[in-house]
Protein chains: 2
Amino acid sequence: MNFNAITIKDIARELGLSISTVSKALSDSYEISEKTKKLVNDYATQNNYSPNPIAKSLKQGHSKSIGIVVSTIDNSFFSQVINGIESVAYNKGYNIIITQTHESYDLEMRNIKHLTFRSIDGMLISLSAETPDIEHLRVLQKKGFPIVFFDRVSGDIDTHKVIADNFNGAYDGTTHLLNSGYKRVAHVTSSPNLSITAERLAGYKKALEDNGIEYNANYVRYCLHGGRDLNEIETALNDLLAMYERPDAIFTASDRITTTTLALLHRLKIKIPDEVALLGFTNTKLAEILNPSLSSLFQPGFEIGKTAMEMLIGLIESKHPVTEYETKILPTQLVIRNSSMPVPVTGV
Amino acid sequence: MNFNAITIKDIARELGLSISTVSKALSDSYEISEKTKKLVNDYATQNNYSPNPIAKSLKQGHSKSIGIVVSTIDNSFFSQVINGIESVAYNKGYNIIITQTHESYDLEMRNIKHLTFRSIDGMLISLSAETPDIEHLRVLQKKGFPIVFFDRVSGDIDTHKVIADNFNGAYDGTTHLLNSGYKRVAHVTSSPNLSITAERLAGYKKALEDNGIEYNANYVRYCLHGGRDLNEIETALNDLLAMYERPDAIFTASDRITTTTLALLHRLKIKIPDEVALLGFTNTKLAEILNPSLSSLFQPGFEIGKTAMEMLIGLIESKHPVTEYETKILPTQLVIRNSSMPVPVTGV
DNA sequence: TTGTACGCGTTATCAC
DNA sequence: GTGATAACGCGTACAA
């Protein structure tokens with residue numbers, strides 16, 4: 001396993017010192033003379049010694065690695081979150097172990113068990129869409145195991161969570177559409193099980209209310225599989241477009257739903273925004289480039305990952321048990337595009 | 001760290017047995033009586049004991065975890081590869097540790113060092129586009145450290161690699177365009193440093209040759225940053241479209257280049273395939289949905305990851321040092337689409 | 001059939 | 001300023 005086979009023992013033998021002296025020299029202990037330190041350190045660097053992290057972990061009682069549970073990595077939002085997590089993990093010397101639930105409750109439980117058996121120091125989790133209750137997480141948390149929830153959180157547990165400001169995002173998005181002159185704004189959203197869905201719906205409703213427009217439940221369509229099932233969205237769109245009072249704008253609630261809606265409208269040869277306007281949450285820059293008239297709510301995946309990881313490290317490294325749960329809210333950026341303006345794009 | 005705090009020691013004390021008896025009972029040793037085994041196992045499961053993997057690693061000399069180095073996880077191809085890797089890793093009890101180079105040579109070296117210091121059992125790597133030489137990997141390999149290269153490999157080293165059949169993919173793609181009646185097929189590709197670029201170019205050239213069409217170097221454009229820099233591709237396209245003998249088809253060489261080209265042509269209001277046909281390597285189903293007339297070469301990311309991981313496990317778990325290097329080639333699937341046909345899509 | 005003793009590589013405590 | 005010893009949790013010769 002260790003192909004830099006040199007250990008603290010080797011260098012002790014080679015230098016005619018004791019193991020503990022070498023260990024202390026390496027950790028720059030005050031009780032070791034400067035010349036011994038130099039001797040040891042020089043030898044160590046020359047033979048590129050590196051401490052065996054496994055032995056270190058066994059001794060110190062932590063593994064310097066954390067587990068991540070997401071639905072799937074093959075999703076712009078989550079890969080951006082992981083990017084954010086990695087950026088701080090790397091600097092703090094933590095390894096990340098990624099597992100995917102593929103939206104299955106069963107897989108979620110297996111992964112969590114697997115991760116805890118792997119003796120990780122903490123966990124970052126975004127619930128699977130299927131997950132009905134979070135008893136399995138609550139017991140862990142009760143034991144004092146550090147967990148931070150992000151994005152897909154549950155209202156059933158008071159704990160550390162990092163989420164986008166979905167309410168205000170949806171509020172801003174809907175308001176933008178209304179301010180642009182659209183009167184009948186539909187909302188295509190994901191599974192009603194998820195807290196993010198409720199928050200976004202609330203923001204949408206509040207915006208309607210504040211603009212004196214009556215809420216119409218027929219304008220809201222749920223897609224249980226959140227964009228993974230094309231037919232679901234297709235049905236929703238067909239229903240909406242066939243209505244007598246056909247919506248003049250659609251507000252979509254997640255990356256996959258947004259891009260799929262964009263694609264479907266494209267296939268149906270519906271012109272955006274002439275026939276129907278489209279504004280949605282997204283992480284796929286491609287969607288914006290393809291259709292500059294598509295304004296979007298950019299989900300700050302990177303920032304969410306970064307913040308969640310920082311919070312988790314705080315939990316792990318704090319000596320005192322954490323008693324106060326805080327919820328950190330990050331802003332969702334509303335990116336306003338205008339079809340007559342050039343689109344500032346830096347990359348895909 | 002271990003919140004299932006129970007150890008083999010606890011259960012020995014509790015049951016009035018010795019530690020080694022418990023250990024043996026747990027591993028179903030033949031020298032332990034059935035009743036003792038049952039006693040121990042029952043107690044273990046009831047108190048959901050699980051062996052500390054760190055102690056196990058230290059003892060057994062392997063960590064049951066492998067390292068992955070990719071340019072960026074935020075890329076359909078690589079996240080699909082990782083999906084494939086994870087699928088077999090999970091079954092075999094391996095953990096995966098993911099690191100990203102962001103195409104930087106420096107970061108690649110740091111990550112590799114970081115991973116080896118973390119005492120992983122093996123490594124899966126796709127070279128960064130910047131990487132000029134692979135001396136740092138060759139030394140590891142010389143020591144007998146298990147490494148499998150995938151996708152972005154180097155010709156400078158004889159080792160285990162898993163790649164798509166880029167030559168035949170490019171050959172098939174180009175041939176398909178030529179058979180469809182296009183005469184002037186341009187090729188927009190990535191950095192000439194990468195082996196995949198050379199292979200694809202070779203396939204493209206051979207297809208031209210076999211169809212009696214002369215190779216025109218002006219029709220080939222390199223994008224050093226492989227789609228990360230929009231301007232590069234924009235320039236390439238503008239150049240091509242401004243030529244006197246303007247290409248009537250474009251063959252793009254990577255996921256990012258394909259989607260970016262699609263987006264740019266869209267913005268330039270160039271009709272596909274009427275004004276210029278487009279066929280490219282891709283992993284983003286969105287591109288196909290948006291433009292059903294876009295035929296594509298689907299990069300088998302999942303299969304590549306799966307195969308690479310299987311190969312790596314073979315390397316790790318083989319008792320005998322591996323002397324024979326084999327290169328496994330996977331087919332690239334050509335997905336033919338026709339604008340007059342309905343597009344069979346199952347998800348985005 | 002069960003128990004004892006040692007080692008994996010490291011750090012921490014204590015004695016010299 | 002340096003070195004011996006114990007301990008982290010586990011597996012395994014070897015002894016009983």
Side-chain angles (χ1 to χ4, degrees), chain A residues 1-41 43-44 47-65 93 95 116-121 319, chain B residues 1-41 43-44 47-65 93 116-121:
Chain A
M1 170 181 68
N2 190 358
F3 288 86
N4 306 320
I6 164 168
T7 78
I8 216 171
K9 201 172 182 174
D10 299 322
I11 126 162
R13 176 171 29 73
E14 219 55 44
L15 260 39
L17 291 170
S18 84
I19 292 181
S20 52
T21 304
V22 174
S23 172
K24 284 175 192 161
L26 252 17
S27 56
D28 199 29
S29 164
Y30 64 95
E31 38 183 355
I32 299 293
S33 73
E34 283 309 319
K35 45 176 167 280
T36 313
K37 276 183 192 170
K38 183 160 169 37
L39 183 70
V40 171
N41 280 307
Y43 186 90
N47 299 66
N48 54 71
Y49 160 81
S50 75
N52 181 327
I54 300 214
K56 217 169 175 170
S57 289
L58 179 59
K59 180 67 186 167
Q60 303 188 328
H62 58 247
S63 60
K64 276 284 184 180
S65 68
N95 277 121
T116 51
F117 280 5
R118 277 276 150 193
S119 45
I120 52 171
D121 293 345
K319 311 305 182 258
Chain B
M1 170 179 71
N2 192 356
F3 289 84
N4 305 320
I6 163 167
T7 78
I8 216 172
K9 202 171 181 175
D10 298 323
I11 126 161
R13 175 169 30 73
E14 219 55 43
L15 260 40
L17 292 169
S18 85
I19 293 180
S20 57
T21 305
V22 175
S23 172
K24 282 175 193 162
L26 253 16
S27 54
D28 199 30
S29 163
Y30 64 95
E31 38 183 354
I32 299 293
S33 73
E34 284 309 319
K35 47 177 166 274
T36 312
K37 275 184 193 170
K38 183 159 168 39
L39 183 72
V40 171
N41 280 308
Y43 187 90
N47 300 66
N48 54 70
Y49 161 81
S50 75
N52 181 328
I54 300 212
K56 217 168 177 174
S57 289
L58 181 59
K59 178 69 184 169
Q60 304 188 326
H62 59 248
S63 59
K64 275 284 185 180
S65 68
T116 51
F117 281 6
R118 277 275 150 195
S119 44
I120 51 172
D121 293 343

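The shown structure was predicted, so the numbers you read here are calculated from the model rather than taken from an experiment. Note on naming: letters A, B, ... go to the chains in the order of the sequence lines (proteins, then strands), and numbering restarts at 1 for each one.
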Could you check how far [atom1] of [X] sits from [atom2] of [N], rounded to whole Å?
X      : N       : atom1 : atom2 : result
Q60(B) : dG7(C)  : CD    : C1'   : 13 Å
L58(A) : dG11(D) : CG    : P     : 12 Å
Y30(B) : dG11(D) : OH    : P     : 16 Å
I54(A) : dG11(D) : CD1   : P     : 14 Å
R13(B) : dG9(D)  : CZ    : C1'   : 14 Å
I11(B) : dC10(D) : CD1   : C1'   : 13 Å
H62(B) : dG9(C)  : NE2   : C1'   : 16 Å
D10(B) : dC10(D) : CG    : P     : 9 Å

Review point. Between dT10(C), dC10(D), dT11(C), which nucleotide gets closest to the side-chain atoms of K56(B)?
Key: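 Among the listed nucleotides, the one closest to the side chain of K56(B) is dC10(D).
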Practice item. Go through dG11(D), dC8(D), dG9(C) for me and flag the one nearest to the I8(B) side chain. Key: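 Selected nucleotide: dG11(D).
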**Study point:** End-to-end axis angle, where each axis spans five pairs of the helix from dT1(C)-dA16(D) to dC16(C)-dG1(D), to 10°
**Key:**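 Angle reported: 50°, given to the nearest ten degrees.
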Review point. Please, which pairs that meet salt bridge (Lys or Arg N to Asp or Glu O under 4.0 Å) have at least one residue in residues 47-63 of chain B, sequence neighbours excluded?
Key: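 Sorted result for residues 47-63 of chain B: empty, none.
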Exercise for review: Establish, with yes or no, whether the OP1 or OP2 oxygen of dG11(D) is under 4.0 angstrom from a side-chain nitrogen or oxygen of S23(B).
Suggested key: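 Looking at the OP1 and OP2 atoms of dG11(D), one of them is under 4.0 Å from a side-chain N or O of S23(B).
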**Study point:** Side-chain N,O (Y49(B)) to OP1/OP2 (dC10(D)) below 4.0 Å
**Key:**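 Yes, because at least one side-chain N or O of Y49(B) sits under 4.0 Å from OP1 or OP2 of dC10(D).
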Applying side chain to side chain contact (heavy atoms under 4.5 Å, CB included), name anything that partners [X], two or more places apart in sequence or on another chain.
X      : value
E14(A) : Y43(A)
I19(B) : I8(B), K9(B), A12(B)
K37(A) : A25(A), D28(A), I32(A), E34(A), N41(A)

Review point. What residues, two or more places apart in sequence or in another chain, satisfy side chain to side chain donor-acceptor pair (under 3.5 Å) together with T36(A)?
Key: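 T36(A): side chain to side chain donor-acceptor pair (under 3.5 Å) contacts with S33(A).
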Practice item. List in chain and number order the residues that pass side chain to side chain donor-acceptor pair (under 3.5 Å) with T21(A), two or more places apart in sequence or in another chain; answer none if no residue qualifies. Key: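 By the side chain to side chain donor-acceptor pair (under 3.5 Å) rule, T21(A) matches S18(A).
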Exercise for review: Report the distance from atom CG of D121(B) to atom NZ of K64(B), rounding to the nearest 0.5 Å.
Suggested key: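 D121(B) atom CG to K64(B) atom NZ measures 8.0 Å (nearest 0.5 Å).
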Protein and nucleotides 2-6 of chain C: nitrogen or oxygen contacts under 3.5 angstrom:
{"from": "dT2(C)", "atom 1": "OP1", "to": "T36(B)", "atom 2": "OG1", "distance (Å)": "2.9"}
{"from": "dT2(C)", "atom 1": "OP2", "to": "S33(B)", "atom 2": "N", "distance (Å)": "3.2"}
{"from": "dT2(C)", "atom 1": "OP2", "to": "S33(B)", "atom 2": "OG", "distance (Å)": "3.1"}
{"from": "dT2(C)", "atom 1": "OP2", "to": "T36(B)", "atom 2": "OG1", "distance (Å)": "2.9"}
{"from": "dG3(C)", "atom 1": "OP2", "to": "S18(B)", "atom 2": "N", "distance (Å)": "3.0"}
{"from": "dG3(C)", "atom 1": "OP2", "to": "T21(B)", "atom 2": "OG1", "distance (Å)": "2.7"}
{"from": "dG3(C)", "atom 1": "N7", "to": "S20(B)", "atom 2": "OG", "distance (Å)": "3.4"}
{"from": "dG3(C)", "atom 1": "O6", "to": "K24(B)", "atom 2": "NZ", "distance (Å)": "2.3"}
{"from": "dT4(C)", "atom 1": "O4", "to": "S20(B)", "atom 2": "OG", "distance (Å)": "2.9"}

**Study point:** 5'-most by nearest nucleotide on DNA chain C - L26(A) or K9(A)
**Key:**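 Whichever sits nearer the 5' end wins; that is K9(A).
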Practice item. Please confirm whether the backbone N or O of Y49(A) pairs with a side-chain atom of N47(A), one donor and one acceptor, at under 3.5 Å? Key: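 Not confirmed, N47(A) side chain does not pair with Y49(A) backbone.
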Practice item. For the pair L15(A) and V40(A), evaluate side chain to side chain contact (heavy atoms under 4.5 Å, CB included) and give the outcome as yes or no after the intermediate values. Key: CA-CA 8 Å; L15(A) 260 39; V40(A) 171; 4.1 Å; yes
